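Following: one structure in structure tokens, then a few remarks.
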Amino acid sequence: MQQDPAGVCVDLFGSDLWPDQQKILESVRDHPKTAWRSCHGIGKTYIAARLVLWWLYSFPYSIVLTTAPTWRQVEDLLWKEIRAAHAHSRIPLGGHLPQRATELQIDGKNWAAIGLSTNDPNRFQGYHSEHLLVVVDEAAGVAEDIFEAINGVLTSAHCRLILIGNPTDIGGQFYRAFRTEGWNTGSTAAWQTPNFTHYGITREDIISGEWQQKAKKKPNGDWDWPMPWLITPAWAANALQEWGEHHPAWSARVEGEFPEQGEYNVIPLSWIEQAQDRWPDTISTGSVILGVDVARGGMDKSAIAARQGKKILWVKTYSGLDTQQLAGEVLKEYRATNAMQVNVDVIGLGAGVVDELNLHSDINCREINVSSSSDVRDKDGNRVYQNLRAELWWSLRQALDPKGDELLALPKDGGLLGDLAAPRYSFAKGWIQIEDKEQTKKRLGRSPDEGDAVMLTYAPFKDATVLRLPTKPMVKQYRIERISW
Ligand SMILES: Nc1ncnc2c1ncn2[C@@H]1O[C@H](COP(=O)(O)OP(=O)(O)O)[C@@H](O)[C@H]1O
Ligand SMILES: [Mg+2]
């Protein structure tokens, strides 16, 4: 049992393993430190859960610590798989694992598997066992202090550490593991997984659309995938549509590679994923602010985003509307959400939407010209941002930085994720500069409309005049034409 984790998975849990899942198990059996990066949906979390049980039941008085960037990932993903495998084991395993629990005890705290949150590195202290396994799921999103704490417990002779996940973020411990000695590493791209290899579907087939000729369909018209629970060519083709092949989300979630230019992305992918992850549990309070990005040309869409406090409630997109029709949609949403303010990108056609909204006395409309200058100065009086656009994108970045306190939550939407992860920045003249929208557009293959709408709702976040309105926030006289911090 100790030497055959794959056998345990097959015989005990009835798993239908595919080769990379087996390799992951064997790497942990044979190497003190394993790092495995892969695309979305290859069964990483699934195999990590079985790994936990194999270790715990194979080594008497062993300890397993598991963690992930967010509690939802610990509780609802990894431990859901652990509970499922434990419950359906062909031989009853014993041990104490209550429903929804994230702790499985065989003999109290001395022989147990435990799910830990990454809020407090101190929680990782005080565990000692001759056989200790630490599993870090979605390791790219886990902060450095947690890895330091983990290193502190890996002291006994028979210790194992595995970091698995999407390679969403460069620079951290997960990234370094692939560039430092002492780690056994592996990677999986979408085209190495069963639903691709079964039909001989390659990367090129996804890019060209050729995959549709190679894959077979069932009589009912659905695609016939050998392991439909894993990533499919259809999923990858959709990702290509949504992000394009030069996007960090494509690299991480389809290619299983770290994004090339990740360090210059305004918002790292892993921060966006965490923001989407906390959305269901984030309670929205306060007034609603709408952001409106108005389409500038043929293929662009208009987008309206609604933010209530630290939660983006939704983002809606519209094609083919003229300014009057779009203003009509904004009015409808404004009244439906009882919003206190709407920020409209005024460049180009946006001016028409603003004029239209200004005809209504109950609408508090602010025109935002993102190319106007930013008033923010550092302590020496130097400009911090190239323009308002840079300032607003940077504010959004700060609201998503896991090191902050008041973290923004985002709805789970691939298009929005694509938009927010696309823009890059530079420090060209000593100030923060965000690339032109046109440059982002070229790489993304479309305009980041949903991302801009969210950015626009963010405009007044630090605007004390608006947030501390003493009375009647709807009244026109409080309207502020330009942002001043
Ligand atoms: N060998 C397997 N047998 C049955 N179901 C599997 C297997 N591997 C993965 N799955 C299922 O496939 C889905 C995706 O797996 P998951 O572990 O969440 O992928 P990842 O963590 O790589 O994104 C889950 O629903 C999981 O239960
Ligand atoms: Mg997973």
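Both ligands and their constituent atoms are indexed starting at 1 by order of listing. Side-chain atoms are counted along with the backbone in the values below, which use heavy atoms only and exclude waters and symmetry mates. Please read all numbers here as calculations on a predicted model, not as lab measurements.
The two atoms that bring Trp250 and Trp191 nearest to each other are CZ2-CH2, 3.9 Å, heavy atoms only. Scanning all heavy atoms of the two residues, the minimum distance from Ser156 to Glu130 falls at OG-O, 3.4 Å. A pairwise comparison of heavy atoms in Arg83 and Pro98 identifies CD-O, 4.2 Å as the closest pair.
In terms of protein heavy-atom proximity, atom 24 (C) of ligand 1 is closest to Glu81 OE2, 3.8 Å. Scanning all protein heavy atoms for the shortest distance to atom 15 (O) of ligand 1 gives Gly43 CA, 3.5 Å. At the top of the distance list for atom 8 (N) of ligand 1, counting protein heavy atoms only, stands Gln21 NE2, 3.0 Å. The protein heavy atom nearest to atom 17 (O) of ligand 1 is Tyr46 N, 2.8 Å. Shortest contact from atom 10 (N) of ligand 1 to any protein heavy atom: Trp229 CD1, 3.2 Å. Protein heavy atom at the shortest distance from atom 23 (O) of ligand 1 is Gly41 N, 2.9 Å.
Taking only nitrogen or oxygen atoms, main chain and side chain alike, Ser15 does not reach within less than 3.5 Å of ligand 1. Residue Thr45 has at least one nitrogen or oxygen atom sitting less than 3.5 Å from a nitrogen or oxygen atom of ligand 1, judged on distance alone. Every N/O-N/O distance between His40 and ligand 1 stays at or above 3.5 Å.
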### Task
Starting from the C-alpha separation in whole Å, work towards a yes-or-no answer on side chain to side chain donor-acceptor pair (under 3.5 Å) for Thr66 and Trp79.
CA-CA 9 Å; Thr66 76; Trp79 276 82; 2.9 Å; yes
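Side chains of Glu257 and Ser251: a donor-acceptor N/O pair is absent below 3.5 angstrom, by distance only.
Shown in contact with Ile42 at under 4.0 Å from a heavy atom are these atoms of ligand 1, numbered in order with element: 19 (O), 20 (P), 22 (O).
Between Trp394 and Tyr425, the gap from one ring centroid to the other is short of 6.0 Å. Taking the six-membered ring for Trp, Trp211 and Trp223 have ring centres closer than 6.0 Å.
Between Trp55 atom CH2 and Leu132 atom CG the span is 7.5 Å, to the nearest 0.5 Å.
At least one N, O or S atom of Thr45, from either the backbone or the side chain, sits less than 2.8 Å from the Mg ion (ligand 2).
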